[in-house]
Every structure is written in C-alpha cells, then in structure tokens.
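Counting from 1, the numbers follow the sequence of the chain as shown. If you're wondering where the values come from, they're calculated on a predicted model, not measured in any experiment. Whatever order the structure lists ligands and atoms in, that order sets their numbers, starting from 1.
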Amino acid sequence: MPDLIEADRAPTARHRPRAGAALAALPVAAPVSEVWAALGAAGVLTDLYDHEDPGPGPGTGTAATLDPARLADLIRAVDARGDNGVTLSVLVQAASALPLLAACAPATGPVRQALQEALSGSATVALAATDSAAAGSDLAGLGTEVDIATDGLRLTGGKRWITTACAADRLLVLARHRPGRHFTSFTWVLVPATAPGVRVRPADSDLLGGSATGHVELDGVRLPPDHLVGRPGRGMALFARHMGTERLAGALWAVALTSRVLADTRERLTRRHCDGRPLWHHDAVRQRYAACLVQVRQLRALCESLAERVTRRQDLAAAALLKSAAGLVADPVLAACAQLQGADGFARDGAQTIRAEAGVLGIGGGVTEVVLAAVADHADTLLTELRS
Ligand SMILES: Cc1cc2nc3c(=O)[nH]c(=O)nc-3n(C[C@H](O)[C@H](O)[C@H](O)COP(=O)(O)OP(=O)(O)OC[C@H]3O[C@@H](n4cnc5c(N)ncnc54)[C@H](O)[C@@H]3O)c2cc1C
C-alpha cells in the first residue's frame, strides 16, 4: 500500500482535492461547522471514499471503501490548524458517521439526505453511542430506547460526552428496540437536532472546546419510520463493522499530533541555552527526544501496514492494535514533550494542555484497557503472523 505520509507525492494525488488547500483561507479560530463546510465544498469528504466499489451494504445502501492515504491527508491538514477539538469532531464525523450513513442510506429519504448534506459539508452530524444509563465500556447496557411502530418511532433516553453534539444538525443515535444485551437488540436512529424533545447541553470542560462536545437528552422524540438507519437489530453489527475506520483515524491523528508537538519541542530546545549550549545538545535530552521519535515512527509504520486491512477487510484485530497503540504512544510522547518545554509547557493551549486533550485517544471510542483486551482475544492470530 502507498506510504500514507508520502501520499502527497503520489502521481494520482495531483488530481485529488487537497484538505490543506481547502482549509488555507479559513480563519485560525474557525469553528468546526466552518471547517467541515470548507472540506465538503472542496470535495475532500466525498473523495475520502471510493464509491465505485459498491457491494450490498448491511442496510439498503452501498458499501463505501475509505482511502487511507486521503484520510491521513485530511487528518494531518486539520491537525495542523492546532485546534484539537475541531480535529476530534472532523475525525468522528468523517471516519464514523459518514461510513455508517453511506452503508445504510437508501436511494431517497432523510438518511440519504443526511449523507449528501454531510458529504457536501452543508450539515454536521454527531455519533451518539455512549449512554447516560451505562458505562461507556458497557455499550450493551445502554438505556436509550426506541419504540418502533408502523406509524413512527419514539425515542427516549440520554447520551453523554458526544463530540459535535452542540454544533450538529443531526445526531446518529444508538438505541435499543428490545430489552437485553443480545447484539441484535440495537438500532441506529437519525435524529434532527431540532426535533421536539431533543435537548443538548455543552459538556462542562476546559478541554477540546472546538469539539462542541455535549450531553443529549431525548424525551419522547417522535420521528417518521424512515429515520431508522439500517435495519432494526443491525445497530451493533454496523457499529462494529465501521468502528475500525475511526480507530485508524485516531492512530493517524496520534501520529500527526505527536509529530507536530515534537517539531515544536525541538525548535524550543535548539533555542534555549543551558550552561552555554542549546538544550538540544544535552545527551539526556537528545536520548529522551529520540525515544519519542522511535515510538511515533513505529506507530506510523503500524498505520501503514494495517490500514488496508482495516478499510478493506474490516479486520477488528488490526483496528484494536491501532487504537491501543495510539493510546499507548501519544501519552508518554506528549508527556515527554511537555516536560522538555519546562514552564512554557504550562502556557495557555501549550504542551501540557495538548497532552491532556490527547487523553481522548485513550478514552473516546473505547478505553485503552478494553481495546487491549480485544488485542489479547486475537493473541493466537497475532502470534502466528509475528512468527511467519
Ligand atoms: C472528549 C470526548 C468525546 C467523546 N465523543 C464521543 C462521541 O462522539 N460519541 C460517543 O458515543 N461517545 C463519545 N465519547 C464517550 C467515550 O466513548 C466514552 O467516554 C468511553 O467509551 C469510555 O466510557 P466511560 O467514560 O463511561 O468510561 P467507563 O466505561 O466508565 O470506564 C472508566 C475507566 O475504567 C477503566 N475500565 C473500564 N472498563 C474496563 C475494563 N474492561 N478493563 C479495565 N479497565 C476498565 C478504564 O480505566 C476506563 O477509563 C467521548 C468522550 C470524550 C471524553
């Protein structure tokens, strides 16, 4: 597969809409809705997926295969803007919500319209799985209920810590249509943010402000039946199938973010002098810094070697490896950078804040511990690969 980072130089790349160019004219503090709109208007979001590779989707739509190099380009360009909240929002929309909608959208109707508007950048969409009634690590315990009747749907419950919730035109909500933990008990529902009974309040946090993260109340929300996303009972299967794309995107973000902070840290170390020479020339500093470079380079190599297994084969072991590696690498690397920046790391939006914000890589979409358990589940396969 192509080197994800070198994709800019691939011959075909000249014909693709480039995320960096699409964002160049935006003000530094542009909110996620403007960033999303610029990406959509430039065709970057549509171009993320190869729609010419259709297959019978699990819903009534077609399969869409993500191009890992284009995803890497998108994540790198958005990360370069330095607003981690906006990057998180773009990541979840592009790598989770879009493929889910694409897999389920029939030829016409509100789900198709949501997909088209999201791809064009004219509307934003949040993915609301984590439930108010259960731990996020216990998805099958979720309490939000959808009552499915021939004349319509009725949704009641709550979702918490949902990226983009406060800026979303629509919410993709995972609900249960029957009691119990069986994986066929769950269904996705498309909820317009303005529907009566929907209330969103911002998460009380100083971190990732640009992500518009919020908590959602769903109080007897009534919707027409065509707001079901995919067939009833397919909710968990669809989620599992598309989860890998978000996990790859998270690992790509970890590479982009740590590389950006490492570059900034090196620049500071070369400027700052101690005992007559730049800090960068102190052996202990160089070794600590070099160890970070090694870890990030390993993470990038993992992205490159596993990306197509995730996007083409929905390989859950590969996705778990990527997600756990991102969580395990980002924190120590960013902690080292923050330490090496001394007091300056405590400046507003400085390295210490970035480190705290990057903690989401080990929490959002599955905590590192749970993902490591999934890696352990695949130990036999992984060992066979390592020894072949
Ligand atoms: C900034 C942000 C954005 C988010 N965006 C979204 C979003 O867009 N959509 C969405 O649906 N959700 C979102 N989430 C929610 C996120 O997916 C959950 O927070 C996550 O799944 C963990 O759930 P929890 O917070 O309830 O932690 P819990 O499940 O309560 O776990 C708490 C801690 O317990 C430990 N733990 C839990 N289970 C195990 C285990 N089996 N083994 C060992 N240790 C364990 C871990 O240390 C874990 O961190 C977001 C969260 C954040 C912080």
Query raised in the report: With a 4.5 Å limit on heavy-atom distance, are the side chains of Arg272 and Pro278 in contact?
Result: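 No, every pair of side-chain atoms sits at 4.5 Å or beyond.
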Modelled atom types, side-chain donor and acceptor of [X] and [Y], under 3.5 Å:
X	Y	answer
Ser33	Thr124	no
Thr353	Glu357	no
Glu145	Thr156	no
Ser259	Arg76	no
Asp131	Thr144	yes

Can you pull out the closest protein heavy atom to [atom]? Residue, atom name and distance to 0.1 Å, please.
atom	answer
atom 37 (C) of ligand 1	Ser137 OG, 3.6 Å
atom 8 (O) of ligand 1	Thr163 N, 3.0 Å
atom 12 (N) of ligand 1	Thr130 OG1, 2.6 Å
atom 9 (N) of ligand 1	Leu127 O, 2.8 Å
atom 43 (C) of ligand 1	Glu369 CB, 3.4 Å
atom 4 (C) of ligand 1	Trp161 O, 3.0 Å
atom 48 (C) of ligand 1	Val367 CG1, 3.7 Å
atom 23 (O) of ligand 1	Gly136 CA, 3.1 Å

Query - Residues which pass ring pair (Phe, Tyr, Trp, His ring centres under 6.0 Å) with His215, listed by chain and number, not counting sequence neighbours - result: Trp161
Query raised in the report: Hey, is Arg154 close enough to Asp147 for a salt bridge, meaning N to O under 4.0 Å?
Result: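 Looking at Arg154 and Asp147, the cut-off is not met.
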Query raised in the report: Within the structure, does at least one protein heavy atom fall under 4.0 Å of atom 32 (C) of ligand 1?
Result: no
Query raised in the report: So, for atom 29 (O) of ligand 1, does the protein have a heavy atom nearer than 4.0 Å?
Result: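 Yes, there is one.
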Query raised in the report: What do you reckon, does Arg160 put a non-hydrogen atom under 4.0 Å from ligand 1?
Result: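 Yes, Arg160 has heavy atoms under 4.0 Å from ligand 1.
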Query raised in the report: If you draw the axis of the six-membered ring of Trp188, does the NZ or CZ of Arg234 fall within 45° of it and under 6.0 Å from the ring centre?
Result: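 No.
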Could you list the atoms of ligand 1 found under 4.0 angstrom from a heavy atom of [X]?
X	answer
Leu208	1 (C)
Val370	38 (N), 39 (C), 40 (C), 41 (N)
Val360	1 (C), 2 (C)
Ala129	10 (C), 11 (O)
Ile363	19 (O), 20 (C), 21 (O), 49 (O)

Query raised in the report: Going by distance only, is there an N or O of Val92 that falls short of 3.5 Å from an N or O of ligand 1?
Result: no
Report task. With sequence neighbours left out, write down each residue that passes salt bridge (Lys or Arg N to Asp or Glu O under 4.0 Å) with Glu34, or none if nothing qualifies. Result ->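 Not a single residue meets the salt bridge (Lys or Arg N to Asp or Glu O under 4.0 Å) criterion with Glu34.
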Query raised in the report: Are Val125 and Leu48 grouped together when hydrophobic residues (ILVMFWY) are joined by side-chain heavy atoms under 4.5 angstrom apart?
Result: yes
